[in-house]
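Numbers restart at 1 for each chain; the letters A, B, ... are given by sequence-line order, proteins then strands.
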Amino acid sequence: MVEADLRQRIEQLRKEIQEHNYRYHVLDTPIISDAQFDALMRELVELETRHPELVTPDSPTQRVGAAPAEGFAEVVHPIPMISLGNVFDNEELRAWHRRVQQRLEMESFDLVCELKIDGLAVALTYEQGRFVRGATRGDGLRGEDVTANLRTIRSIPLTVSVAGVPERLEVRGEVYFPKSGFKKLNEERIAAGEPPYANPRNTAAGSLRQLDPRITASRPLNVYLYALGYAEDGAIPSTQWDALARFREMGFRTNPANALCHSLEEVQGFYRRWLEEKEALDFGVDGVVVKVNRFNYQQHLGTVGREPRWAIAYKFPATQQVTRLINIGVNVGRTGTLNPYAILEPVNVGGATVKMATLHNEDDIRRKDLRIGDWVVVERAGEVIPQVVAPMTARRTGEEREFKMPERCPACGEPVVRPPGEAATYCVNTACPAQFARLLVHFVSRGAMDVEGMGEKLALALIDAGLVKDVADIYSLTREQLLGLKEKIARVISGVQKEVAARHQLSNAQMQVVKRLTDEALLDKAEAETICARYDLTLERLMSLKGAVDGVLVETVKTAGVAETIEWESILTLEKLAAKSVDNLMAAIAASKQRPLTSVVYALGIRHVGYETAQMLVRHFGSLPKLMRASDEELANIPGIGPKIAESIVSHFRREANQRVVERLEEVGVPMEEAATPREGRATVLAGMQIVVTGRLAGMSRSQAEDRIKELGGSAGSSVTKKTAYLVVGEDAGSKLAQAEKLGVPILDEQQFLQLLETGKGP
DNA sequence: GATCCTCGAGTTCT
DNA sequence: CTCGAGGATC
């Protein structure tokens, strides 16, 4: 890097860090995540380490934070409350350990592992055994006096009266808001029509900084103590591990998970264990703090800048992040429901980049008080499905817009309906193309007709190209038709390229750009920028080329006789159809004619008729024509089927288009009767037992396990209730485990489950 | 009419 | 995984 560039980068980093520091510490409304902040800080530290001559006294690396907020008395920490360096992977952890080894000139030494609780650090001062002052960390040098509020936390002893307590003693710890209490508080707020709080950490900070301690007292705050600030006139332990033990003797709450490790491998084990199990804890944990155990070693290692060399925070990948809600889009589901979803500024949450999340329905958006343009907290529910938790209301500028459900279907433009008492808004147009697209995807999905090789993309492309107009049409597709289409598409693409080149007189290099543009359906910002940089184009020029390509495509598609209009996505999908995959697809379509009747009924996509209900219907009627002729009353008399489902079935088959689909399926050879099923001999081992399977099993998939349970006469539930006989737990079990523990449902591991399948008896 | 349970439908990313 | 709604039950 050139010297001038370097200076500029350092300046820029300092300015950004200062800004974020202020937002975090003073305003309490950060706009970037901790991980993002850490990244900035790390870059600055690295640049300054390599170029010490550029370090200035006012650099954020030279002091621990920013000024404390007003409103509370200031407390100067006699010993600064340091912060910790962070590592994010095993590699970096080992590097830290090697550095410690070198400085200590020692191979092996004990380390203490503690869970890094996501709360806020406090210092508690005791004089002659009496709690006299409690302060927040603030900027590390000066914090706020929040003694009155801390007194309301019942796990903080107001007096310590064991022998040998130092005259003056300061212990440090982390105050947090328990997850359960946080959930309850938010439920109450929602019930009272107030917006929920974004996350426990900010709420803990807010609670502790209430000017009225009675408000603090109403919050279930708690604390874990983990460090000795200082001690005068008293026996001082010689290791961190002993200090923790001593804390407990004195009546301080320490975290039971803390562990003494004799090697780095043990530390890694501790990290892995809690990475898996942290969700079950009642407090947020964002990593593991690793400390050199012996205090004299700590002293020898010392501190560099703001961080001690003898401790490090080994962070978990963040599962919660703050990002921008760019817009709210609306999808149309198979049943016509309008489903709003969040379009987010891409952000890495727990190792995956999230840019979309469902928002369920209008009421949910209102309840959470989300507005377009808000900064929002995003997490991955159960570590998988992204979810928008809450807006950061304090970050609002007034530019945010409220979301309104469109009055017309975004796909077909027909007016939408929201039935009174229901949360969903529907497009009631039976000919809505979006609904049909979803129906086709459902029809070919696993569990339904199970056409392997036909995923969402291909299904949509076939509709787009005009080859499929109703679900039965997939049975009249031919190999020649598909290959012919692919050829036409290829000609269209090369035609578009030539035409654009001719009209705009492009150079060879620019032709490359056009090729790129006909390679990808959508350009996101990052991709567009890469292309511009590579071919030395302005963004405007690129966009005008893109416009030209799209324009010419529309004309060409029409003249080539492919379809009236077609999406880029579809073109690219069809272009990739090779002869071999067409063969496979034809075979899969043919094979799908042999699916059991239950799957066929399910595939029809009747509202309120999922797989379970389809099974009940097939068991009762045994034939599709009989089901079609069934009356309202007959249907409603079947256990498990009430008036609503009955009505839905009758009105589905009353529609002529739906009757035709069934006729055509029959014509192509889809069975309309259920093949007689021989009863299994030993089908009673699990009779009447309701068993739930959760997590990943080693020997079989979850659905296989559920099939086995059903074969043996049991039922496989999807949620744990008090009627559940057993919960079978695999790897990475989620919330169901906690639920089972709460209800006292017996828990089986895979081994015990297999035994249950054999004998019908649990351990 | 309230409460529990089960099912359906929509969902994200690698 | 989550929410909503249908059905069963008291």
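Summarising the geometry, the separation between CD on Glu362(A) and P on dC3(C) is reported as 18 Å, rounded to the nearest angstrom. A straight line from CD of Gln387(A) to C1' of dT11(B) spans 11 Å, rounded to a whole angstrom. Following rounding to the nearest Å, His608(A) (NE2) and dG10(B) (P) show an atom-to-atom distance of 11 Å. When rounded to the nearest whole Å, the span between CG of Asn339(A) and P of dA5(C) equals 12 Å. In this structure, Ile645(A) places its CD1 atom 12 Å from C1' of dA8(C), rounding to the nearest Å. Computed from coordinates, the Tyr341(A) OH to dT12(B) P distance equals 9 Å when rounded to whole Å. Rounded to whole Å, atom C1' of dG10(B) lies 15 Å from atom CD of Glu422(A). As a whole-Å value, the separation of Lys355(A) NZ from dC13(B) C1' is 10 Å.
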Next item on the list: Take Arg371(A) and Asp369(A) through the salt bridge (charged side-chain N to carboxylate O under 4.0 Å, His left out) test and state the conclusion after the steps.
Entry: CA-CA 6 Å; Arg371(A) 300 183 197 170; Asp369(A) 188 31; 3.3 Å; yes
Checklist line | Stepwise salt bridge (charged side-chain N to carboxylate O under 4.0 Å, His left out) test for Asp364(A) and Arg367(A) | finding: CA-CA 5 Å; Asp364(A) 215 39; Arg367(A) 207 164 27 225; 2.5 Å; yes
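When distances run from any side-chain atom of Asn361(A) to the nucleotides dT12(B), dC3(C), dG8(B), the shortest one goes to dC3(C). Here the nucleotide nearest the side chain of Pro643(A), chosen from dG4(C), dT14(B), dG7(C), is dG7(C). The listed nucleotides are dG6(C), dG10(B), dG4(C); the one nearest the side chain of Arg367(A) is dG4(C). With dG6(C), dG8(B), dT12(B) as the candidates, the nucleotide lying closest to the side chain of Lys644(A) is dG6(C). Ranking dG4(C), dT12(B), dG8(B) by closeness to the Ala423(A) side chain, first place goes to dG4(C). Closest to the Arg334(A) side chain, of the nucleotides dC3(C), dG10(B), dG7(C), is dG10(B). The side chain of Pro639(A) approaches dA8(C) more closely than any other nucleotide in the set dA8(C), dC13(B), dG7(C). Checking dG7(C), dC13(B), dG10(B) against every side-chain atom of Val354(A), the shortest atom distance belongs to dC13(B).
With 3.5 Å as the limit, one finds no donor-acceptor pair spanning the side chains of Gln321(A) and Asn348(A). For Ser180(A) and Asp282(A), the side-chain atoms include at least one donor-acceptor pair closer than 3.5 Å.
Looking at heavy atoms from C-beta onward, Asn90(A) lies in side-chain contact with Gln268(A) at the 4.5 angstrom threshold. Considering only heavy atoms from C-beta on, Glu362(A) stays 4.5 Å or farther from Lys404(A) through its side chain. Contact check for Leu585(A) versus Met454(A): side-chain heavy atoms found under the 4.5 Å cut-off. Side-chain contact between Val377(A) and Thr323(A) is absent, with no heavy atoms from C-beta onward closer than 4.5 Å.
Side-chain N/O atoms of Thr358(A) include none lying less than 4.0 angstrom from OP1 or OP2 on dT12(B). Phosphate proximity of dG6(C) to Ser648(A): absent, as no side-chain N or O sits under 4.0 Å from OP1 or OP2. Phosphate contact (OP1/OP2 of dG10(B), side-chain N/O of Thr337(A), threshold under 4.0 Å): present.
Within residues 428-438 of chain A, the residues approached by DNA chain B to less than 4.0 Å at the level of any non-hydrogen atom are Arg438(A), in residue-number order.
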So which protein N/O to nucleotides 1-6 of chain B N/O distances come out below 3.5 Å?
residue : atom : partner   : partner atom : Å
dT6(B)  : OP1  : Gln690(A) : NE2          : 2.9

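Listed by chain and residue number, Tyr271(A) satisfy the ring pair (Phe, Tyr, Trp, His ring centres under 6.0 Å) test with Tyr314(A) (two or more places apart in sequence, or in another chain).
Across all strands, Asn331(A) comes closer than 4.0 Å only to sugar-phosphate atoms, never to a base (heavy-atom distances).
Under the 6.0 Å distance and 45° angle rule, Lys278(A) counts as a cation-pi partner of Phe316(A).
Both Ala357(A) and Gly605(A) lie close to DNA chain B; mapped to their nearest nucleotides by heavy-atom distance, the more 5′-ward contact belongs to Gly605(A).
Ion pairing between Glu422(A) and Arg418(A) fails under the 4.0 Å rule for side-chain N and carboxylate O.
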